Amino acid sequence: MLWQVNQDSKRMIEAVQTERPTQEQRTDAMRARLLEATLDLIAEEGWAQTSTQKICKRAGVSRGAQTHHFPTKDSLLIAAVREIVARYQRDLDTVADDKNGDDWRLEQVFDFLWDACFEGNLLNCWMQVMVAARTDKALQPAVRETDSTALAAMRALGDKCEPRTGSRKTCAADLVELTVYLLRGMVVQSGVHPDQEERHRLFELWKKLAL
């Protein structure tokens, strides 16, 4: 299933628990636990309510261990921002590999984006981050950079699509980017209006209009 919790991080933690770990493994596992706890709390409680105290408790690490790996709250949260985009990219790469280099159809990309938005909590986390960055000047540069990276990856997926719809030439990358914005709005709306069936109906209407 797309956009699920990073299985590599879980395996890393399990390996450290069952084998005699090296210092590098212990460091990687500690960072993975802190990032996992941060993402879980952002998804569950929102950006504003995610404190380092809660993160440390969820991760099962001391405050001192947290500051050793991430000296400030901002450094931990920015690392979590970058982890979100890194996971998006891994999912994109996995899907691209599964396609074995075949051409994409725009409809397939739309369906992929729908699944990516509503199978898991990563996009919910990202929306929390983007809202926070509007007024957090320290956070803005990292969010702007990582969001640009994510959009570039989505547009690259659109570039693989057939560049014509009917007899009119269209820019598939632009349609993919517009679809990303549409779905982001739907994710935000889902916090107030939980009717997934209605959202899917409207998304199918968008697909017909775009295609």
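Every heavy atom of this structure was used, including side-chain atoms; hydrogens, water molecules and symmetry mates were not. Computed from a predicted model, the values in this text were never measured in an experiment.
Trp126 approaches Asp147 most closely through the heavy-atom pair NE1-OD1, 3.1 Å. Among all heavy-atom pairs drawn from Leu34 and Ile55, the shortest one is O-CG2, 3.8 Å.
At least one donor-acceptor pair under 3.5 Å links the side chain of Gln66 to the backbone N or O of Phe70. Arg199 contributes a side-chain N or O that, together with a main-chain N or O of His193, makes up a donor-acceptor pair within less than 3.5 Å. Arg33 contributes a side-chain N or O that, together with a main-chain N or O of Gly60, makes up a donor-acceptor pair within less than 3.5 Å. A donor-acceptor contact shorter than 3.5 Å is absent between the side chain of Glu45 and the backbone of Thr50.
Aromatic ring centroids of Phe110 and Trp114 lie 6.0 Å or more apart.
The neighbour count for His200 NE2, taken as heavy atoms of other residues, nucleotides or ligands under 6.0 Å away, is above 12. Annotation: Gln140, atom CD; neighbour count of heavy atoms from other residues, nucleotides and ligands within 6.0 Å is above 12.
Linking Ile, Leu, Val, Met, Phe, Trp and Tyr residues whenever their side-chain heavy atoms come within less than 4.5 Å leaves Val131 and Tyr181 in two separate clusters.
Between Leu77 and Val129, the closest side-chain pair of non-hydrogen atoms is not below 4.5 Å. At a threshold of 4.5 Å between non-hydrogen side-chain atoms, the residues Val176 and Leu106 count as touching. At a threshold of 4.5 Å between non-hydrogen side-chain atoms, the residues Ile78 and Ser75 do not count as touching. Counting heavy atoms from C-beta outward, Leu202 and Met186 have side chains that approach closer than 4.5 Å.
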